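For clarity, every value in this text was computed on a predicted model and none was experimentally measured.
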Amino acid sequence: MLRNIFFGLTLLIALSCNKEESEDIMKQENGIVRLSGGLYYCAEQLCLDNGDILVVSLEDIISFRSGDRVNVKYKEIGVNEFCSSYIDCEIIEINKIE
């Protein structure tokens, strides 16, 4: 009986560790900066070449202009609650592509 409890706890810990690792996956992609005067929560975006749209904070892209091509490293945080087809992210690194 004690062995089953120990095995169950070990399995639970292993599964929770795997979840944390998968959430910390950093991605890298090229895209275009889009700054709009539209919806407040979705105004600053990166439209990636793979079709995804990242919602970012203005502080992350303040040095770029709308239409600039960029290469971005980021971590996905989740789906944006105000613009449901867009992805909230944390920008790790962003560079302009000439």
Side-chain angles (χ1 to χ4, degrees):
M1 180 72 165
L2 186 58
R3 186 189 308 176
N4 289 341
I5 293 172
F6 179 73
F7 179 73
L9 287 174
T10 304
L11 183 60
L12 181 64
I13 291 170
L15 290 175
S16 66
C17 290
N18 287 339
K19 181 180 178 188
E20 289 175 16
E21 289 176 13
S22 66
E23 289 176 355
D24 289 341
I25 295 175
M26 190 172 20
K27 297 182 178 183
Q28 184 171 357
E29 188 70 40
N30 292 333
I32 297 174
V33 174
R34 187 186 322 167
L35 303 172
S36 70
L39 296 173
Y40 172 75
Y41 295 103
C42 307
E44 294 85 27
Q45 305 169 358
L46 295 178
C47 301
L48 302 180
D49 292 347
N50 68 4
D52 289 341
I53 298 176
L54 304 178
V55 176
V56 298
S57 66
L58 183 58
E59 294 83 27
D60 290 333
I61 59 172
I62 192 83
S63 62
F64 300 99
R65 294 176 41 188
S66 195
D68 283 349
R69 295 255 328 136
V70 294
N71 178 274
V72 61
K73 289 182 185 176
Y74 65 97
K75 285 194 282 188
E76 290 183 6
I77 298 172
V79 175
N80 187 282
E81 67 179 295
F82 300 102
C83 306
S84 60
S85 61
Y86 299 167
I87 301 167
D88 285 331
C89 70
E90 176 185 339
I91 301 291
I92 307 299
E93 182 180 331
I94 185 168
N95 297 303
K96 186 174 179 179
I97 300 174
E98 298 299 326

When you measure from the side chain of Ser66 to the backbone of Leu35, do you find a donor-acceptor pair of N or O atoms at a distance under 3.5 Å?
yes
Ile87: which residues meet the side chain to side chain contact (heavy atoms under 4.5 Å, CB included) condition with it, sequence neighbours left out?
Asp52, Leu54, Glu76
Taking only residues two or more places apart in sequence, or in another chain, which ones meet Glu81 in a side-chain hydrogen bond (donor to acceptor under 3.5 Å, both in side chains)?
none
On a heavy-atom basis, which atom in Cys89 and which in Val56 lie closest, and how many Å separate them?
SG-CG1, 3.7 Å
Got a second to check how far Glu44's CD is from Ile61's CD1, nearest 0.5 Å?
5.5 Å
Are the side chains of Leu48 and Tyr74 in contact, using a 4.5 Å heavy-atom criterion?
yes
From the list Val33, Ile53, Val55, side-chain contact (heavy atoms from CB on, under 4.5 Å) partner of Leu46 resolves to Val33
Using side-chain hydrogen bond (donor to acceptor under 3.5 Å, both in side chains) as the criterion, list what pairs up with Ser57, not counting sequence neighbours.
Glu59, Asp60
Results of side-chain hydrogen bond (donor to acceptor under 3.5 Å, both in side chains) for Asn71 - residues two or more places apart only
Gln28, Asn30
Under the salt bridge (charged side-chain N to carboxylate O under 4.0 Å, His left out) definition, can you give me all pairs with a residue in residues 61-73, not counting sequence neighbours?
Asp49-Arg69, Asp68-Lys96, Lys73-Glu93
Minimum-distance pair of heavy atoms, taken over all atoms of Ile92 and Lys75
CD1-CE, 4.0 Å
